[in-house]
> 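Please find one structure pasted underneath; my questions will follow.
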Amino acid sequence: MAFQVFDSLTKEKRIFEPLEPGVVRMYNCGPTVYGRVHVGNLRTFLFADTLRRWLEVLGYEVRQVMNITDVGHLLDDADAGEDKIEAQARRERRDPWEISRGFTELFLADVRALGLREPRVRPKASEHVPEMLAMIEGLIAKGFAYQVGGDVYYEVAKFPRYGRLSGNTVAELEAGARIEVRAEKRHPADFALWKSDPGHIMKWPSRFGPDGFPGWHIECSAMAQKHLGDVLDLHTGGEDNVFPHHECEIAQSEAFTGKPFARYWMHSKFLQVDGGKMSKSLGNVWNLDDVRARGFSTRVLRFALIRGHYRGPLNFTWGILEEARSALEKLDELCADVRAAARGERAAAADQAGQEAVALARERFDAGMNDDLNVPQALASLFELRGALRATGLGREAAAEGLRFLAHAQAALGVLLLEEATLDVRMQALLAARGDARTRKDWAASDRIRDEIAALGVVLQDTPTGVVWRKKE
RNA sequence: GGCGGCAUAGCCAAGUGGCCCAAGGCGACGGAUUGCAAAUCCGUUAUUCCUCGGUUCAAAUCCGAGUGCCGCCUCCA
């Protein structure tokens, strides 16, 4: 079955085919490093990671590029606001470079803790200013951009397809009147490619003047082209990036290269918190440390955030993390059961027992993932497998296939515990001591040791065939 | 004011014309099991998919109107 993705540009599901067979060029819009990433950001990056993982499972070589915006850019194209990295620097009374460096480190740590695979390149905007200037020069030369004093603007009227991605039209943008009119712009919707401002701290000299800095959108156009070439297969981001960011990128890149910029556009839906928008004023902008402080592991967070389809709204509450934790335990059991059966422990007499259930789960899993990354359906196949195996039993040979399937699922999802957990010597001694106490029917001692073990994070379960333990998250 | 999305059980969440009296999860309830506890196992938990109208032999799925929520249009994943 072919992999289908929902393309935001055509607004329909399309079979995914890269330009070059076997190779996928993917650009993911990354963070602006002026603050700690929150769970909403993480959802979007997790979506990009899941996409990358699934493409790799399908056998593609994925050339993934995720940028880091470490250059301040104006809060809006009309120049009315201020640079947010510099604003944060002022609040913290620190150097803006130090701010962006610090939050870049935190971002990388967060994303690694969540199990995101490392992209091939993480280009920084600050290191690509020459490429941006080259593109700006090219746009001026081709008549798509114009210089006014030390500023350069993109002339939207020269690019008829402007608005195709977002559904906005230049005429409506004008009528909307929410764009502040700048006298020097030829059209209110024209956006900045380069700005001059001596007061800006992060700035570069160019032929437009000694104190300039790039517009927001140009960085992605320049970095994508440098690291992936003129035509991308996939470009992703959060839904808020559709307009203006991606609309402007298309205008810049396509005007510059004369080729379509990205073959498929994918956008993830915003994460809601407590049923509404997350905002600083409501105090519900949670980051990874908040999640940890509430006692949830990053694996539980990852599971909670991929449980909903990336294009649907997902409501973040502490309750969904608790649900996620309970549900994950079931999947951990499934993994443990399959491992045990593969070793011959508690395996069904018939080697083939459970084989059909494994095959069916795999089919359902792949069908889900191939349908525009329907992770909820893929996850359901794992739970169904668990139920089916309890009913049919699992033979040794079928278990080997089960293990291969679980490894396949794990490659795509990154939330399963495939490796056997081990207990340290001290824990083994405690378990033995409790076993002795139980044979003596010394329940008081046995329960005391069980509490001790529980305090160390291991849950015990007495079964007819012996004691089973599980590490608690 | 313009553009777009969403609305499925107590909660989370798939399904987008017949296989749906609707997957899966969480929770709850009943039973089994157990030294106890936890866990586990078995069973139950939407004749119905926001409301109203329409199209169709057939609709959660298509169309229209309404209601509610969310996002974008100004930085934001």
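The sequence lines fix the lettering, A, B, ..., with proteins before strands; numbering per chain opens at 1.
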> In dot-bracket, 5' to 3', how would RNA chain B read with Watson-Crick or G-U wobble pairs under 3.5 Å, [ ] for crossing ones and | for pairs to another strand?
((((((((.[[[..)..(.....]]]((((((.......))))))....[[[[[..)....]]]]])))))))....
> Suppose we screen for side chain to side chain donor-acceptor pair (under 3.5 Å). Which residues come up paired with Gln4(A), at least two apart in sequence or across chains?
none
> Taking atom P of C41(B) as reference, at what distance in whole Å does atom CG of Leu389(A) sit?
12 Å
> How many Å lie between CD on Glu219(A) and C1' on C75(B), as a whole number?
13 Å
> Which pairs pass ring-ring contact (aromatic ring centres under 6.0 Å, His included) with one or both residues in residues 359-389 of chain A, sequence neighbours excluded?
Phe365(A)-Phe405(A), Phe365(A)-His408(A)
> Between protein and nucleotides 9-17 of chain B, map the contacts as a letter string: B base, S sugar-phosphate only, - none, heavy atoms under 4.0 Å, written 5' to 3'.
--BBSSS--
> Asp110(A): what forms a salt bridge (Lys or Arg N to Asp or Glu O under 4.0 Å) with it, not counting sequence neighbours?
Arg36(A)
> To the nearest Å, give me how far apart CD (Glu247(A)) and C1' (C75(B)) are.
18 Å
> Return whichever of Leu271(A) or Lys277(A) has its heavy-atom-nearest nucleotide of RNA chain B closer to the 5' end.
Lys277(A)
> Could you list the residues that satisfy salt bridge (Lys or Arg N to Asp or Glu O under 4.0 Å) with Glu322(A), not counting sequence neighbours?
none
> Which part of the nucleic acid, if any, lies within reach of Met66(A) when heavy atoms closer than 4.0 Å are counted: base, sugar-phosphate only, or nothing?
nothing
> Please identify each residue that fulfils salt bridge (Lys or Arg N to Asp or Glu O under 4.0 Å) with Glu323(A), with sequence neighbours left out.
Arg307(A)
> Write down the distance between CG (Leu165(A)) and P (G5(B)), rounded to a whole number of angstrom.
13 Å
> Going by atom types only, do Tyr153(A) and Lys195(A) share a side-chain donor-acceptor pair under 3.5 Å?
yes
> Does the plane of the ring in Phe191(A) sit parallel, tilted or perpendicular to the ring in Tyr162(A)? Use 30° and 60° as the thresholds.
parallel
> Could you work out which one of A23(B), C26(B), A77(B) sits closest to the side chain of Ala327(A)?
C26(B)
> Parallel, tilted or perpendicular: which fits the ring planes of Phe3(A) and Trp54(A), with parallel below 30° and perpendicular above 60°?
perpendicular
> Any chance you could list the contact pattern along nucleotides 27-40 of chain B? Use B for base contacts, S for sugar-phosphate-only contacts and - for none, protein heavy atoms under 4.0 Å, 5' to 3'.
S-------BBBBBS
> Pick base, sugar-phosphate or nothing for Phe383(A), based on heavy-atom distances below 4.0 Å to the nucleic acid.
sugar-phosphate
> Check every strand shown and say whether Gly237(A) touches a base, only sugar-phosphate, or nothing at a heavy-atom separation below 4.0 Å.
sugar-phosphate
> The criterion is salt bridge (Lys or Arg N to Asp or Glu O under 4.0 Å); which residues satisfy it with Arg390(A), sequence neighbours excluded?
Glu333(A), Asp337(A)
> Determine whether the aromatic ring of Phe45(A) stacks with the base of A77(B), defined as ring centroids separated by less than 5.5 Å and ring planes inclined by less than 30°.
no
> Starting from P on A77(B), measure out to CH2 on Trp265(A) and report it in whole angstrom.
16 Å
> Name all residues meeting the side chain to side chain donor-acceptor pair (under 3.5 Å) criterion together with His128(A); count only those two or more places apart in sequence or in a different chain, and write none if there are none.
His227(A)
> Could you tell me how far apart Ile68(A) (CD1) and A77(B) (P) are, to the nearest whole angstrom?
13 Å
> Return the set of residues passing side chain to side chain donor-acceptor pair (under 3.5 Å) with Arg53(A) (not counting sequence neighbours), or none when no residue passes.
Asp49(A)
> How long is the line joining CG of Asn241(A) and C1' of C3(B), in whole Å?
17 Å
> What integer number of Å spans the C1' atoms of U47(B) and A9(B)?
13 Å
> Partners of Ser326(A) by side-chain contact (heavy atoms from CB on, under 4.5 Å), sequence neighbours excluded?
none
